[in-house]
Amino acid sequence: MFPKSDAANGQPAAGGDAHHQHQHGNGDKKKCNSASCNSPSRLWRSIQLLIADKNKQDLIKLCQQDGASSTDAVLQVILRSRLANDASYYPASHRHRVLQLPQGSVSSHGTLGRSVADLNALQLAMFHGQEAIACYFVSWVGQHGSKNEVSLFLNHLWGQRNNSLHLACFLGMPRLAKLLLDAGVPADSVNGKLKTPLDCCTE
């Protein structure tokens, strides 16, 4: 079973560790970024933290570990894990932790809707403004996932039936938008506000 976290802003759920830790004889604890020593939920939390910290270098190291089993463990977490990003999971005093879209020349509510729930790893990177990490996810998943897995990942719908191309256009990420189009994400897809990705483009 893969996690659907209620964490926001790339942080782990309340009370959860960001990384699995080994206990050494001297009592010190050492962070572990290895896929082989993480449960899917802990590995997902680590990925969220690396994205939030803008740490592309360590994220690449995590994805490129030696061994087919380690690669597949990371791949399955990236493909199947979701960030709920739902304000209803929090008391009023903590709802500021939910990721929100910036309000620019194009209204996010009018084009993408109010809901920002159910984000996958690609969309989480985009919400954090990390186009380079998002592009890496597209390329890396494309190399290691099956055709069906890649399609489901790239076309995952969040919020009010938005796909990643809607979000890339809204956030002004042209390199990512081109990668998504080249990978077959439809340019004419319509979201819950009856908007295409082109309708979501900022100036």
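In this text the structure is predicted, and so the values were computed from the model without any measurement. Values below: all heavy atoms of this structure, side chains included; hydrogens, waters and symmetry mates excluded.
Under the side chain to side chain contact (heavy atoms under 4.5 Å, CB included) test applied with Val116, the options Leu99, Asp86, Val98 reduce to a single match, Val98. Among His128, Met126, Lys56, the one residue that satisfies the side chain to side chain contact (heavy atoms under 4.5 Å, CB included) test with Ile133 is Lys56.
Hydrophobic clustering, with ILVMFWY side chains joined whenever heavy atoms are under 4.5 angstrom apart, keeps Leu181 apart from Leu198.
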**Request:** Quick one: do Leu79 and Leu152 satisfy side-chain contact (heavy atoms from CB on, under 4.5 Å)? Show the steps, please.
**Result:** CA-CA 8 Å; Leu79 286 172; Leu152 289 173; over 6 Å; no
**Request:** Verify side-chain hydrogen bond (donor to acceptor under 3.5 Å, both in side chains) between Asn163 and Ser189, making sure each step is shown before the conclusion.
**Result:** CA-CA 8 Å; Asn163 65 22; Ser189 55; 2.8 Å; yes
**Steps toward side-chain hydrogen bond (donor to acceptor under 3.5 Å, both in side chains) verdict (Ser115, Gln160)** = CA-CA 6 Å; Ser115 174; Gln160 292 185 232; over 6 Å; no
**Message:** Walk me through whether Asp72 and Ser69 qualify under side-chain hydrogen bond (donor to acceptor under 3.5 Å, both in side chains).
**Reply:** CA-CA 5 Å; Asp72 188 62; Ser69 60; over 6 Å; no
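Distance check: Gln76 CD to Thr71 OG1 gives 11.5 Å after rounding to the nearest 0.5 Å. Taking CG of Asn191 as the start and CG of Asn162 as the end, the distance is 4.5 Å to the nearest 0.5 Å.
With sequence neighbours left out, Lys54 forms a salt bridge (charged side-chain N to carboxylate O under 4.0 Å, His left out) with no residue at all. Applying the ring-ring contact (aromatic ring centres under 6.0 Å, His included) rule to Phe127 yields the partners Trp158; only residues at least two apart in sequence or on another chain are considered.
Note on ring orientation: taking the six-membered ring where Trp is involved, the planes of Trp140 and Tyr136 are parallel (angle under 30°, cut-offs 30° and 60°).
Under the salt bridge (Lys or Arg N to Asp or Glu O under 4.0 Å) criterion, the residue pairs touching residues 164-184 are Lys178-Asp182, with sequence neighbours excluded.
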